[in-house]
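Notes follow the structure.
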Protein chains: 2
Amino acid sequence: MIRILLFEDNKNLRESLSLYLAGTDGLWLSGAYANATDAVKLVRKYQPDVVLMDIQMPGISGIEAMRAIKKVNSEVKVLIQTVFENDDKVFAAICAGANGYIIKTPKPENYVQAITDVYNGGSHLSPSIAAKVLAMFQSQFVMKEQTYVSLTPREKEVLQCMVKGMSYKMIADACNISFSTVHSHIKNIYEKLHVNSAPEAVVKALEMRLV
Amino acid sequence: MIRILLFEDNKNLRESLSLYLAGTDGLWLSGAYANATDAVKLVRKYQPDVVLMDIQMPGISGIEAMRAIKKVNSEVKVLIQTVFENDDKVFAAICAGANGYIIKTPKPENYVQAITDVYNGGSHLSPSIAAKVLAMFQSQFVMKEQTYVSLTPREKEVLQCMVKGMSYKMIADACNISFSTVHSHIKNIYEKLHVNSAPEAVVKALEMRLV
DNA sequence: GCTTTCCTCCCCATAATTGGGGATTTCCTG
DNA sequence: CAGGAAATCCCCAATTATGGGGAGGAAAGC
């Protein structure tokens, strides 16, 4: 029996969803609320397995509520539901530890599927959300391959020091080489990266994942 | 009618899956192959909507094949299937542009669902894979705002310029303010971020997502 | 053996940044 | 209205970075 707690401000959706979930085998709806003000208290009281949380509600937002819930009980699975596919919201929800993110749908079977998925330790993302997440993922980790540059080991080492914000003097000390040598390496790095200042080199190094 | 191309080295799975997909309304199986050697050629010939690709096959790996396919036709949706939940493989597949990633299952309905999801422009991730992706996502963006600093609009603007590698003079020009003012703003930024050089400020700005 | 690459170090001069002061205006809030 | 935050500007001095040379040694490849 999967114990569920529902937070949804839309009266119509809340009631129809409550009816459906309560009538589904294997699910037990502990309660349904129009706002997340007492979310933490309610989680403490009912010890649900899964919390179904609307992201936009009057008062405390779904994300804030989730963060608070996770703080007192990190075992509770939180399933975010929303009508919006806003990038920032998705991003924020995931960073706050959402176990799933579903777009509101008129098909209640989807809710049941998502609930069982997260209950079993997995995550559930609506297709459109999954696409967004994968796109964000790619943009973060796929580097531009057309501008490949090869730095020597020493140059990489120096560049890593630069990314840490170290001055020539500090780098010289850290690498056990002279100030002049650091200077030389950095001149070479600048030439290879086609930049002419430390900040530029640092940015380029980070976005090319050279460090 | 969704046109599908299947690559799967396991004879048993390939044949049973072929049978199921071919017999499903709305799907059209263009072909099923035991390896991805001629994947690009086959994609050119059959112009499928969705390619179902096993990740581990003799000869060319599913990821390499996908990369090649995407290169010649980025519109083709590629659905990766595997028995493994290996982090590296998942990571590599996503970075290479996979539209979905499903764990092999005895339930063929899951395949159909995944195929329709990616065909409609979404992505489909098996719950266990979705959990991995979200976990990776969180680990990348977790330590954000425990050290929250508030920069004024102007300071943010200047900081953004610094991230672009601009010098004081260039920033002054870009913001239509004097060199001295840029200097002042940067002094304030350094104090707020607890740094004392441009490279440090840039790194901190990027990792705190202030820009 | 010769060439190339990499790492090392130095000189010089100019340009840029940094840190310390201080000052004015505007705008907003208590 | 007083106080504060924000944005604007200036001076000065010290430090740091940048760009231009050159040069020697070690290792690897042809």
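Between B/F179 atom CZ and C/dG19 atom C1' there is a gap of 13 Å when expressed in whole angstrom units. What separates NE2 of B/H185 from C1' of C/dG19 is a distance of 17 Å, to the nearest Å. The distance between atom CZ of B/R154 and atom C1' of D/dA5, rounded to the nearest whole Å, is 16 Å. Between B/N188 atom CG and C/dG21 atom P there is a gap of 13 Å when expressed in whole angstrom units. Rounded to whole angstrom, the span from the CE atom of B/M166 across to the C1' atom of C/dT17 amounts to 16 Å. To the nearest angstrom, P of D/dA6 lies 10 Å from CG of B/L151. Going from atom NZ of B/K192 over to atom P of C/dG19 covers 16 Å, rounded to whole Å. The CD1-P distance, from A/I171 to D/dT18, rounds to 10 Å in whole Å.
OP1 or OP2 of D/dC10 has at least one side-chain nitrogen or oxygen of B/S180 nearer than 4.0 Å. For A/K187 and D/dG20, the shortest distance from a side-chain N or O to OP1 or OP2 is not below 4.0 Å. The side chain of A/Y190 places an N or O atom within less than 4.0 Å of a non-bridging phosphate oxygen (OP1 or OP2) of D/dT18.
If you check every strand for non-hydrogen atoms under 4.0 Å, B/N196 touches sugar and phosphate atoms only. If you check every strand for non-hydrogen atoms under 4.0 Å, B/T152 touches sugar and phosphate atoms only. If you check every strand for non-hydrogen atoms under 4.0 Å, B/T181 touches a base. Counting any heavy atom pair closer than 4.0 Å across all strands shown, A/S178 reaches sugar-phosphate atoms only and no base atom. Residue B/Y168 is classed as a base contact, given a heavy-atom separation below 4.0 Å to a base.
Projected onto DNA chain C by closest heavy-atom contact, B/S184 and B/A198 fall at different nucleotides, the more 5' of which corresponds to B/A198. When each of A/I186 and B/C175 is assigned the nucleotide of DNA chain D bearing its nearest heavy atom, the one mapping closer to the 5' terminus is B/C175.
Other residues, nucleotides and ligands place more than 12 heavy atoms under 6.0 Å from the CD atom of B/Q47.
By the 4.5 Å heavy-atom criterion applied to side chains, B/I177 and B/H185 are counted as neighbours. The shortest side-chain heavy-atom distance between B/S197 and A/S167 does not fall under the 4.5 Å cut-off.
B/R14 has no carboxylate O lying under 4.0 Å from a charged side-chain N of B/D54, or vice versa, which leaves the two without a salt bridge.
The aromatic rings of B/F137 and A/F91 lie perpendicular to each other, with more than 60° between the two planes, well past the 30° mark.
Between the side chain of B/H183 and the base of C/dG20, no donor-acceptor pair under 3.5 Å is found.
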